[in-house]
Novice: 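One structure, pasted below without further comment.
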Amino acid sequence: MAVVPREAIDQFGALMEEVDEPFKRTFKNMHQGHPHETLIRFLKARESNVTKAHKMLSDCLKWRVDNDIDGMLAKPIVPEELYRDIRDSQLVGLSGYTNEGLPIFALGVGLSTLDKASVHYYVQSHIQVNEYRDRVVLPAATKKYGRHISKCVKVLDMTGLKLSALNNIKLMTIISSIDDLNYPEKTLTYYIVNAPYIFSACWKVVKPLLQERTKRKINVLSGCGQDDLLKIMDYSSLPHFCRKRSSGSSKHLEKYVESCFSLDHPFHQQMYDYIKKQFMVHKPVEPVKQGSVHVTLPEDADEEDIAKILESELEKYEDLERSPESLKDLKISDDKC
């Protein structure tokens, strides 16, 4: 794809300076300290047309504000049993990093049933993974590898794919639209592996739903894709479904890597814990019910006695103000969520 002209970036940036304050706040959450990179992503998504890119980003910011996307990582899906059902039926996980430091997201397309919860919960879960990737995983990778990392790669496993998967076309369309319109250019390459013969029929239905720029990034690999993927990542980062079985493989290791999609996998445990902690941090703190000041005075008290009694009672409230019980569990997070 052609390099975005500097003039287009500057023009786009000037337009973004004029947006309302709520849009500026959510834009800051989006770019995580790299506003130009975000502008370039939206310009690439609209072939460097500033007018179209500006409308696309403006619509995205409105979507974020209207749906409180900034607060999405403070909204845990509960109870945990429901979230576990979602993880077991919407298969996604982080298997490792490429040699260049890009996160590798594995998706079990063929075995995802998407039938354990309502569409709303699956959409919420998908957005949470996107936001956690952009606000936690990518910044951490940037710090670890010493260079700005803003994209990931995705490996799509078609094992178990059936024509019945097309029954979920509505949900697939919603998720695809969310990614295309609000998270453009976040994936460098999509690798499709373990494609059964039925894949061609399903692909004919799904392909028209995708943007042209997305189609150009799709690479269908032979078999499990291990040989091709090892050119860009270590064996330890290979998703479990890309590993060729061998008699010498450790059963313990295979069991561990196969939990990539599970809520018990470290990635999902860390993300779910993060969301629950953010919920506790952002949860409104109820003030102490202090009530009104009530002081009983002797009938024959003179002005000096009254002054001393009032001073004594007020000191109690000053002590309470200095150390209110309602704030004792409040934690201040330095996260930009």
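Numbers here are sequence positions counted from 1.
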Novice: Using atom types as modelled and distance alone, determine if a side-chain donor or acceptor of Arg6 lies under 3.5 Å from a backbone N or O of Ile9.
Specialist: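 Looks like no, no N/O pair under 3.5 Å.
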Novice: Pick one: which of Glu131, Arg133, Arg41 meets side chain to side chain donor-acceptor pair (under 3.5 Å) with Tyr183?
Specialist: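 Among Glu131, Arg133, Arg41, the one meeting side chain to side chain donor-acceptor pair (under 3.5 Å) with Tyr183 is Glu131.
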Novice: Without swapping roles, check the side chain of Thr214 against the backbone of Leu210 for a donor-acceptor pair under 3.5 Å.
Specialist: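 Answer holds: no.
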Novice: When you measure from the side chain of Asn167 to the backbone of Ser164, do you find a donor-acceptor pair of N or O atoms at a distance under 3.5 Å?
Specialist: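 Checked: pair present.
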Novice: Can you classify the ring geometry of His31 versus Phe27 as parallel (below 30°), tilted (30 to 60°) or perpendicular (above 60°)?
Specialist: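 Ring orientation, 0 to 90° scale: perpendicular.
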Novice: To the nearest 0.5 Å, what is the distance between CZ (Phe42) and OG (Ser48)?
Specialist: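 OG of Ser48 is found 14.0 Å from CZ of Phe42.
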Novice: Can you list everything that forms a salt bridge (charged side-chain N to carboxylate O under 4.0 Å, His left out) with Asp228? Sequence neighbours excluded, please.
Specialist: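 Lys231.
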Novice: Do Phe279 and Leu73 pass the side-chain contact (heavy atoms from CB on, under 4.5 Å) test, and can you show the C-alpha distance, the side-chain angles, and the key distance before you say yes or no?
Specialist: CA-CA 8 Å; Phe279 168 73; Leu73 291 182; over 6 Å; no
Novice: Between Lys186 and Asp134, does at least one N-O distance fall below 4.0 Å, as a salt bridge requires?
Specialist: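 Asp134 and Lys186: salt-bridged.
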Novice: For the residue pair Leu91 and Ser112, what are the closest heavy atoms and their distance?
Specialist: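 That would be N-OG, 3.0 Å.
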Novice: So for atom CD, which belongs to Glu21, do other residues, nucleotides or ligands contribute more than 12 heavy atoms lying within a distance under 6.0 Å?
Specialist: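 For Glu21, atom CD is crowded (more than 12 foreign heavy atoms under 6.0 Å).
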Novice: Between Asp59 and Lys55, is there a salt bridge with N-O shorter than 4.0 Å?
Specialist: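 Yes, this pair counts.
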Novice: So, His126 versus Asp179: side-chain donor-acceptor pair below 3.5 Å or not?
Specialist: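 The criterion, which ignores hydrogens and geometry beyond distance, is satisfied for Asp179 and His126.
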Novice: Atom CD of Gln124 and atom CG of Asn67: how far apart are they, to the nearest 0.5 Å?
Specialist: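 That separation rounds to 11.0 Å.
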Novice: Is there a donor-acceptor contact under 3.5 Å from the side chain of Ser125 to the main chain of Tyr121?
Specialist: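 Answer holds: no.
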Novice: Is the shortest side-chain heavy-atom distance between Ser95 and Ile104 below 4.5 Å?
Specialist: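 The answer is yes, as the side chains (C-beta and beyond) meet within the 4.5 Å cut-off.
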Novice: Determine whether a donor-acceptor pair (N or O, by modelled atom type, separation under 3.5 Å) exists between the side chain of His54 and the backbone of Val50.
Specialist: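 No: the side chain of His54 does not pair with the backbone of Val50.
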Novice: Can a donor-acceptor pair be found, under 3.5 Å and without considering hydrogens, that links the side chain of Ser176 to the backbone of Met172?
Specialist: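 It does not hold such a pair.
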Novice: Does Asp227 pair with Lys244 as a salt bridge, N-O distance under 4.0 Å?
Specialist: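 Yes, Asp227 and Lys244 are salt-bridged.
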Novice: Rounded to the nearest 0.5 Å, what separates atom CG in Leu107 from atom OH in Tyr191?
Specialist: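 The CG atom of Leu107 sits 14.5 Å away from the OH atom of Tyr191.
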Novice: Do Ile275 and Lys75 pass the side-chain contact (heavy atoms from CB on, under 4.5 Å) test, and can you show the C-alpha distance, the side-chain angles, and the key distance before you say yes or no?
Specialist: CA-CA 7 Å; Ile275 294 173; Lys75 299 176 181 178; 5.6 Å; no
Novice: Any idea which heavy atoms bring Pro103 and Leu94 closest together, and the distance?
Specialist: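 Closest pair (atom of Pro103, atom of Leu94, distance): CB-CD1, 3.8 Å.
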Novice: Report yes if some heavy atom in the side chain of Tyr274 is under 4.5 Å from a heavy atom in the side chain of Val136; otherwise report no.
Specialist: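 Yes, close enough: below the 4.5 Å cut-off.
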Novice: Would you call the rings of Phe261 and Phe241 parallel, tilted or perpendicular if under 30° counts as parallel and over 60° as perpendicular?
Specialist: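 Parallel.
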Novice: Tell me whether Asp234 contacts the main-chain N or O of Ser236 through its side chain, where contact means a donor paired with an acceptor under 3.5 Å.
Specialist: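 Between the backbone of Ser236 and the side chain of Asp234 there is no qualifying donor-acceptor contact (under 3.5 Å).
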Novice: Any salt bridge linking Asp70 with Arg25? Criterion: basic side-chain nitrogen under 4.0 Å from a carboxylate oxygen.
Specialist: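 No salt bridge links Asp70 with Arg25.
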Novice: Looking just at side-chain N and O atoms, do Thr113 and Asp115 make a donor-acceptor pair shorter than 3.5 Å?
Specialist: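 A pair is found: one side chain offers a donor N or O, the other an acceptor, under 3.5 Å apart.
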Novice: For Gln269 and Leu263, indicate whether the former's side chain and the latter's backbone hold a donor-acceptor pair under 3.5 Å.
Specialist: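 Looks like yes, one N/O pair under 3.5 Å.
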Novice: Please check if Leu181 and Val65 belong to a single hydrophobic cluster, counting links between Ile, Leu, Val, Met, Phe, Trp and Tyr side chain heavy atoms closer than 4.5 Å.
Specialist: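 No, Leu181 does not connect to Val65 through the hydrophobic network.
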Novice: Taking the six-membered ring of Phe199, is the NZ or CZ of Lys204 close enough (under 6.0 Å from the centre) and on axis enough (within 45°)?
Specialist: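 Relative to the ring axis of Phe199, which defines the angle, Lys204 lies outside at least one limit.
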Novice: Quick one: CG on Leu238 to CE on Met233, what's the gap to the nearest 0.5 Å?
Specialist: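 It comes to 6.0 Å.
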Novice: Report all side-chain donor-acceptor pairs from residues 146-153 shorter than 3.5 Å, counting only partners two or more places apart or in another chain.
Specialist:
unit_1, atom_1, unit_2, atom_2, d
Arg147, NH2, Glu100, O, 2.4
His148, ND1, His34, NE2, 3.3
Ser150, OG, Glu37, OE2, 3.0
Lys151, NZ, Glu185, O, 2.6

Novice: Look at atom NZ of Lys207 and say whether more than 12 heavy atoms of other residues, nucleotides or ligands are closer to it than 6.0 Å.
Specialist: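 Open: at most 12 neighbouring heavy atoms sit under 6.0 Å from NZ of Lys207.
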Novice: Are more than 12 heavy atoms from other residues, nucleotides or ligands located less than 6.0 Å from atom NZ of Lys276?
Specialist: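 More than 12 within 6.0 Å, yes.
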Novice: I would like to know whether Leu188 and Lys217 meet side-chain contact (heavy atoms from CB on, under 4.5 Å); could you show each step before the answer?
Specialist: CA-CA 7 Å; Leu188 182 66; Lys217 298 177 182 179; over 6 Å; no
Novice: Can you tell me how far CD1 of Ile69 sits from CG of Asn182, rounded to the nearest 0.5 angstrom?
Specialist: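 One finds 7.5 Å between CG of Asn182 and CD1 of Ile69.
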Novice: Any side-chain heavy-atom pair from Gln270 and Pro266 closer than 4.5 angstrom?
Specialist: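 Yes, their side chains come closer than 4.5 Å.
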Novice: Do Glu81 and Arg84 meet the salt-bridge criterion of a basic N to acidic O distance under 4.0 Å?
Specialist: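 Result for this pair is no, no salt bridge flagged.
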Novice: Assess the side chains of Asn219 and Thr189: does a donor N or O sit below 3.5 Å from an acceptor N or O?
Specialist: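 On atom types as modelled, these side chains do not qualify, holding no pair under 3.5 Å.
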Novice: Do NZ/NE/NH1/NH2 and the carboxylate oxygens of Lys24 and Asp20 come within less than 4.0 Å?
Specialist: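 So Lys24 does not pair with Asp20 through a salt bridge.
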Novice: Measure the spacing between CG of Leu229 and CZ of Arg243 and express it to the nearest 0.5 Å.
Specialist: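 So the CG of Leu229 and the CZ of Arg243 are separated by 11.5 Å.
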Novice: Once you measure the plane-to-plane angle for Tyr83 and Tyr272, does it fall in the parallel (<30°), tilted (30-60°) or perpendicular (>60°) bin?
Specialist: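 Rings of Tyr83 and Tyr272: parallel, under 30°.
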